[in-house]
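The sequence lines fix the lettering, A, B, ..., with proteins before strands; numbering per chain opens at 1.
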Amino acid sequence: MRDEFWRAVMAIETFYPFEEVEPRWQRAWDEQGLWKTPAGAARRKYYVLEQFPYPSGKLHMGHVRVYTIGDAIARLRRMQGYDVLHPMGWDSFGLPAENAAIKNDAQPAAWTEQCIANMREQFHRLGISYDWEREISTCRDDYYRWNQWIFIRMWEQGLVERRKAAVNWCPRCATVLANEQVINGRCWRHEDTEVEIRPLEQWFLKITDYAEELLKDLEEKLGAWPNLVTAQQRNWIGRSEGALVKFTVKETGEELPVFTTRPDTLFGVTFMSVAAEHPRVREWIRGRENEREVQAFINHVVMEGRAARTDEAAEKKGIALGIHAINPVNEREIPIYIANFVLMEYGTGAVMAVPAHDQRDFEFARKYGIPVEVVIQPEGKTLDAACMEAAYVEPGVMTHSAQFDGLPSEQAKQEITEWLARQGKGEKTVQYRLRDWLISRQRFWGTPIPFIYCEGCGLVPVPLEDLPVKLPENARFGGEGNPLATVPEWLEVECERCGGKGRRETDTMDTFFDSSWYYLRFTDPKNERVPFDKAAAESWMPVDIYVGGKEHAILHLLYSRFFTKVLRDMGLVTLDEPFKQLLTQGMVLNTGTDPRTGETKMFKMSKSIGNVIDPNQLIAERGADVARLFILFASPPEKDLPWSEQGVEGMSRFVNRIWRHAQNHGEALRAAGGGDVTPGEITEEADRALLRMIHEATRRVTHDVGERFQFNTAISACMELFNAIGDYAPRAGDALSARLWAMATRRLAVLLTPFAPHLAEELWQRVGGEGLVAQQAWPSWDEAALRVETIEIAVQVNGKVRGKVRVAAEAGEEAVRAAALADETVQRFIDGKTIHKFVYVKGKLASLVVK
RNA sequence: GCCGGAGUGGCGGAAUUGGCAGACGCGCUGGACUCAAAAUCCAGUGAGGGCAACCUCAUGAGGGUUCGAGCCCCUCCUCCGGCACCA
């Protein structure tokens with residue numbers, strides 16, 4: 001009993017009671033409405049946004065990392081006097097809710113709302129400063145009605161197309177996927193599931209209309225984005241310049257255009273290859289003796305599937321069709337083949353083949369005994385087609401190319417293209433790899449596509465004033481097909497136009513549609529008239545800093561850029577790019593053992609490896625501030641974060657030490673009174689050093705967080721300040737000394753606020769700070785306090801540091817030189833030598849060159 | 001193959017962008033307190049040499065520019081991420 005009592009006393013004294021402290025300050029912030037978005041328009045604005053989560057019901061460490069980063073920035077900016085918009089919401093449509101509904105025989109809406117409530121509570125426990133009055137959730141009809149509104153407006157602008165195409169189908173998701181959602185031929189959500197290609201009629205958004213601008217603005221407007229992301233987008237858009245060349249099919253006389261980036265090799269074309277899916281093939285082989293054989297080959301290629309066909313080392317296979325194309329530059333007849341590597345989706349689905357100067361064509365030609373003809377010679381060498389072992393793909397000098405002989409090939413590209421254009425046999429064109437965004441999904445839990453199939457008038461958009469088309473609340477899950485089709489009273493409607501019988505579209509939108517404009521909705525989240533008010537959007541946009549994972553480098557970030565441009569062209573906003581600066585944080589890793597390979601090392605936290613740390617447990621055991629501090633301190637935000645139990649432990653120690661300082665000295669510090677010490681008041685060297693540390697830490701935290709987003713070094717600066725406070729011995733009876741000590745402690749509280757907001761409040765209060773530390777103005781630093789009277793200068797002799805001299809801070813070059821030459825160690829190295837050169841870098845070092 | 005990163009102590013990482021490499025933290029070693037342990041506090045901690053003042057080596061490898069290079073240039077190696085038969 002007695003032991004327990006003392007243990008309890010010890011615990012109170014020694015350990016920071018975060019369980020009591022943290023909720024108390026969270027309540028204080030809430031009660032005072034500290035995170036409400038200011039309405040004023042005159043001051044500087046700052047929009048901090050973190051990618052909103054799918055509400056799985058549970059935060060994981062990756063979430064904690066992004067949201068802590070965003071919160072640190074938001075808190076700093078508020079204290080710096082910005083009007084800060086820092087909202088949060090839920091990307092709440094999507095498959096997990098639907099799967100849960102199937103499993104539990106429930107409705108996805110209720111399940112989702114429960115998850116949201118859980119997660120909101122966890123955000124709260126972390127002390128993240130969101131304005132919850134602006135919360136949005138994409139699965140609520142006050143949000144998704146605007147998806148439908150935007151979709152119909154896009155339709156009116158000709159940006160929506162319903163068309164039949166060979167599309168990606170994930171059998172596990174039981175829905176089609178966008179191109180961007182297929183990774184190496186597999187579903188982005190199901191690594192082990194190969195995507196099938198199915199010819200289906202689907203809804204597309206014409207993102208390709210914006211390909212050029214999306215590419216151009218990467219260079220011109222997104223300088224503050226990581227290279228990694230802009231490079232990936234550039235790659236994905238895949239612009240290539242070339243020429244469209246009109247070949248003719250000899251047997252039918254029809255025109256057969258090809259796209260090539262190498263018009264300079266046009267005289268070396270020895271065959272043509274077309275895609276197995278090429279629409280003309282069936283016609284060409286009809287009735288020919290090889291019809292069956294070719295058809296069998298086509299079936300074989302198509303059956304192989306996209307993944308196998310586009311695999312790196314897949315064998316090049318083809319079959320001659322027995323018909324011919326005529327080369328427009330020299331009227332030569334060349335055989336047409338089907339080749340398995342030719343894709344129907346790129347270019348025209350037909351390729352002019354130049355084996356001498358294209359590696360694929362080379363391999364293909366060698367395999368099928370097709371001639372190889374050199375038309376470009378490398379500088380100073382002569383290629384012999386008969387003994388070539390690989391295609392020559394570099395530039396060179398034109399040969400066997402009629403009037404173009406002798407030209408450099410780069411120049412010939414131009415001239416041949418121009419010649420073709422004059423002859424009406426071709427033109428300059430640009431091709432993109434980017435394809436239109438397939439946006440329809442055969443799923444229930446998404447935004448219904450607001451269209452009606454009328455027996456009389458065909459496809460009819462739902463009138464804007466009839467929106468939203470709400471999801472029914474009584475769909476049956478678990479059966480075949482889309483649950484939307486199980487609700488007849490929802491499905492069957494009267495056509496607005498003719499009053500005839502109509503049926504609703506049962507496809508819903510890709511959830512990436514929802515997240516493509518949510519950042520705009522946050523600027524005006526409750527608007528019932530339009531998606532967002534233009535003035536509201538303009539007052540907050542662009543997002544000043546967007547924090548999120550790089551896994552969305554292409555998907556979400558490309559779609560959002562596209563939407564911004566579309567909404568701009570509709571006149572809803574005047575803005576070219578939504579996200580001014582992008583901060584892509586790394587993954588959270590922990591040691592674990594791969595159950596498959598038996599390998600033990602750092603892995604991304606995952607259930608299958610069993611190395612997950614649960615944030616709830618961490619917060620319960622150590623408190624939110626320790627979690628926040630450790631995450632920010634362990635590595636810079638864009639790098640992966642290796643979890644370390646000992647690192648967390650160390651951070652707990654830091655927090656406890658601060659707490660003990662407040663406990664042990666709180667009374668003395670409060671008694672010392674407020675009022676900052678100015679450099680002019682200082683007489684003691686120790687005081688000057690502490691004051692310098694105060695200002696130095698202020699400068700570093702301001703710079704590291706505010707400009708570099710390097711939280712690890714900012715926290716280091718706080719630790720150094722605290723170490724200095726600990727080393728400082730206030731002189732008994734010396735008021736200035738006491739005041740300085742108190743100032744240092746209060747400053748520490750202020751500087752810690754962005755990272756450890758609860759601890760900072762507690763410290764602030766205990767050392768007699770007034771009001772809430774979260775509401776303090778961010779301090780500036782005084783250059784005068786940073787100044788020192790004497791400085792140590794390193795003296796180099798022939799590039800090596802040989803001595804150190806102490807000189808007055810303002811000492812001129814001559815004085816430093818004299819001091820340097822007088823140094824004993826330096827003298828040893830210059831003795832008997834002549835000084836050739838003397839360099840003085842002010843305040844840093846002196847360098848002597850001797851011989 | 002192409003594009004983008006990164007290689008610094010036993011570990012995570014610093015280095016104000018060409019100026020004293022290793023801040024801060026973890027770990028480790030020694031000491032204080034304790035009957036003891038934990039916690040806490042103090043000191044030390046890149047490697048090698050020296051009693052010491054000091055010296056030598058050291059930022060993936062090799063060259064270069066410079067009074068001076070972790071940082072700039074060239075060649076190469078390794079690792080991570082993305083794209084990959086795109087005509």
Spacing of CZ belonging to A:Phe630 relative to CG belonging to A:Leu618, to within rounding of 0.5 Å: 9.0 Å
Of all the heavy-atom pairs spanning A:Thr825 and A:Phe829, show the shortest one and how long it is. O-CD1, 3.2 Å
Grab the N/O contacts between the protein and nucleotides 52-56 of chain B below 3.5 Å, and write none if there aren't any.
from, atom 1, to, atom 2, distance (Å)
B:U56, OP1, A:Arg802, NH1, 3.4
B:U56, OP1, A:Arg802, NH2, 3.1
B:U56, OP2, A:Arg802, NH1, 2.9

Within the distance-only criterion (no hydrogens, no angle test), does the side chain of A:Asp358 pair as donor or acceptor with the backbone N or O of A:Ala391 below 3.5 angstrom? no
Under-3.5 Å N/O pairs linking protein and nucleotides 46-50 of chain B:
none

Determine the interatomic distance between P on B:U65 and the same-named atom on B:A87; round to the nearest Å. 42 Å
On a whole-Å scale, what distance lies between the C1' atoms belonging to B:A23 and B:G70? 15 Å
Taking only side-chain nitrogens and oxygens of A:Asn712, does any of them come within less than 4.0 Å of OP1 or OP2 of B:A14? yes
Measure from NZ or CZ of A:Arg817 to the centre of the six-membered ring of A:Phe838 and say whether it is under 6.0 Å with the direction within 45° of the ring axis. yes
Indicate, with a heavy-atom threshold strictly under 4.0 Å, whether A:Arg234 touches base, sugar-phosphate, or nothing. nothing
Distance check: side-chain N/O of A:Arg435 vs OP1/OP2 of B:C86, anything under 4.0 Å? no
Do you know the tightest heavy-atom contact between A:Ile835 and A:Leu848? CG2-CD2, 4.1 Å
A:Val182 backbone acceptor or donor facing A:Asn168 side chain under 3.5 Å: no
Taking atom P in both B:A47 and B:C41, compute the distance separating them and give it to the nearest angstrom. 25 Å
Compare the minimum distances between each of B:A14, B:G19, B:A87 and the side chain of A:Ser847, then state the nucleotide with the smallest one. B:G19
Once you apply a heavy-atom cut-off of 4.0 Å, does A:Pro636 come out as touching a base, just sugar-phosphate, or nothing? sugar-phosphate
In whole angstrom, give me the gap between the C1' atoms of B:C20 and B:C26. 26 Å
Tell me if B:U40 is syn or anti. Syn = glycosidic torsion within 90° of 0, anti otherwise. anti
For A:Thr348, answer base if it contacts any base atom (sugar-phosphate contacts may also be present), sugar-phosphate if it contacts only those atoms, and nothing otherwise; contact means non-hydrogen atoms under 4.0 Å. nothing
Base, sugar-phosphate alone, or nothing: which one does A:Gln710 contact when heavy atoms must sit under 4.0 Å apart? sugar-phosphate
List the atom of A:Lys550, the atom of A:Leu228, and the distance in Å for their closest heavy-atom pair. CD-CD2, 3.3 Å
Please check the phosphate of B:G13 (OP1 and OP2 only) for any side-chain N or O of A:Lys639 closer than 4.0 Å. yes
In dot-bracket notation, what is the pairing pattern of RNA chain B, taking Watson-Crick (N1-N3 plus N6-O4 or O6-N4) and G-U wobble (N1-O2 and O6-N3) contacts under 3.5 Å, with [ ] crossing and | for other strands? (((((((..(((......[....)))((((((.......))))))((((....))))..(((((..]....))))))))))))....
Measuring only the C1' atom in each nucleotide, how far is B:G7 from B:G12? A whole number of Å is fine. 15 Å
How far does the C1' atom of B:C73 sit from the matching atom of B:A58, given to the nearest Å? 23 Å
Quickly work out the A:Asn235 CG to B:A84 C1' distance and round it to whole Å. 9 Å
Across the strands shown, which category fits A:Gly238 at heavy-atom distances under 4.0 angstrom: base, sugar-phosphate, nothing? nothing
OP1, OP2 of B:G4 versus side-chain N and O of A:Thr230: anything below 4.0 Å? no
Rounded to the nearest 0.5 Å, what's the gap from CZ on A:Phe271 to CD1 on A:Ile334? Could you check? 9.0 Å
I'd like to know whether A:Ile207 forms a side chain to side chain contact (heavy atoms under 4.5 Å, CB included) with A:Tyr559, so could you lay out the CA-CA distance, the side-chain angles of the two residues, the decisive distance to 0.1 Å, and finally the verdict. CA-CA 8 Å; A:Ile207 191 171; A:Tyr559 295 148; 4.3 Å; yes
Between A:Asp704 and A:Phe711, is there a donor-acceptor pair closer than 3.5 Å when you use the side chain of the first and the backbone of the second? no
Please classify the nucleic acid contact of A:Gln232 as base, sugar-phosphate, or nothing, using heavy-atom distances under 4.0 Å. sugar-phosphate
In whole angstroms, how far is the P atom of B:A87 from the CG atom of A:Leu343? 11 Å
Closest approach to the side chain of A:Ala231, judged atom by atom: which nucleotide of B:C3, B:C86, B:C20 is it? B:C3
Any donor-acceptor N/O pair, A:Lys367 side chain to A:Lys316 backbone, under 3.5 Å: yes
Have a look at A:Leu228 and say if it touches a base, only the backbone sugar-phosphate, or nothing, with a 4.0 Å heavy-atom cut-off. sugar-phosphate
Are any protein N/O atoms closer than 3.5 Å to N/O atoms in nucleotides 27-29 of chain B? If there are, list each pair with its distance.
from, atom 1, to, atom 2, distance (Å)
B:G27, OP2, A:Arg653, NH2, 3.1

Sticking with atom P, work out how far B:G68 lies from B:C3, rounded to a whole angstrom. 34 Å
A:Val805 and side-chain contact (heavy atoms from CB on, under 4.5 Å): which single residue from A:Leu845, A:Leu821, A:Val795 fits? A:Val795
Mind running a 4.0 Å heavy-atom check of residues 720-730 of chain A against RNA chain B and sending the residues that fall below it, in number order? A:Glu720, A:Asn723
Mind listing the residues from residues 699-709 of chain A sitting with a heavy atom below 4.0 Å of RNA chain B? Number order is fine. A:Arg708
Report yes if a donor N or O on one partner sits less than 3.5 Å from an acceptor N or O on the other, where the partners are the side chain of A:Gln359 and the base of B:G1; otherwise report no. no
Starting at the 5' end of RNA chain B, which residue's closest nucleotide do you reach first, A:Asn227 or A:Ser644? A:Asn227
Tell me what A:Val849 touches on the nucleic acid: a base, only sugar-phosphate, or nothing, going by heavy atoms under 4.0 Å. sugar-phosphate
Syn/anti state for B:G68 [syn: chi within 90° of 0]: anti
Between A:Arg280 (side chain) and A:Leu256 (backbone), is there a donor-acceptor pair under 3.5 Å? no
Under the side chain to side chain contact (heavy atoms under 4.5 Å, CB included) rule, what do A:Trp781 and A:Leu786 come out as? Steps first, then yes or no, please. CA-CA 8 Å; A:Trp781 63 93; A:Leu786 294 178; 3.7 Å; yes
Check step by step if side chain to side chain contact (heavy atoms under 4.5 Å, CB included) holds for A:Ile725 and A:Glu720. CA-CA 9 Å; A:Ile725 292 170; A:Glu720 283 176 60; over 6 Å; no
Looking only at non-hydrogen atoms, find the nearest pair between A:Lys246 and A:Pro328 and report the distance. O-CG, 3.4 Å
In terms of side-chain geometry, is the basic nitrogen of A:Arg239 or A:Glu212 positioned less than 4.0 Å from the acidic oxygen of its partner? yes
With a 6.0 Å cut-off on ring centres, are A:Phe633 and A:Phe755 close enough? no
Carboxylate-amine/guanidinium contact A:Glu363 A:Arg360, below 4.0 Å: no
Side chain of A:Gln796: nearest nucleotide among B:C67, B:A87, B:G13? B:C67
When you check the gap from the basic side-chain N to the acidic O, do A:Glu649 and A:Arg622 get nearer than 4.0 Å? yes
So with a 6.0 Å cut-off around CD of A:Glu219, is the heavy-atom count from everything else above 12? yes
Toward the 5' end of RNA chain B, which comes first, A:Ser716 or A:Ser635, by nearest nucleotide? A:Ser635
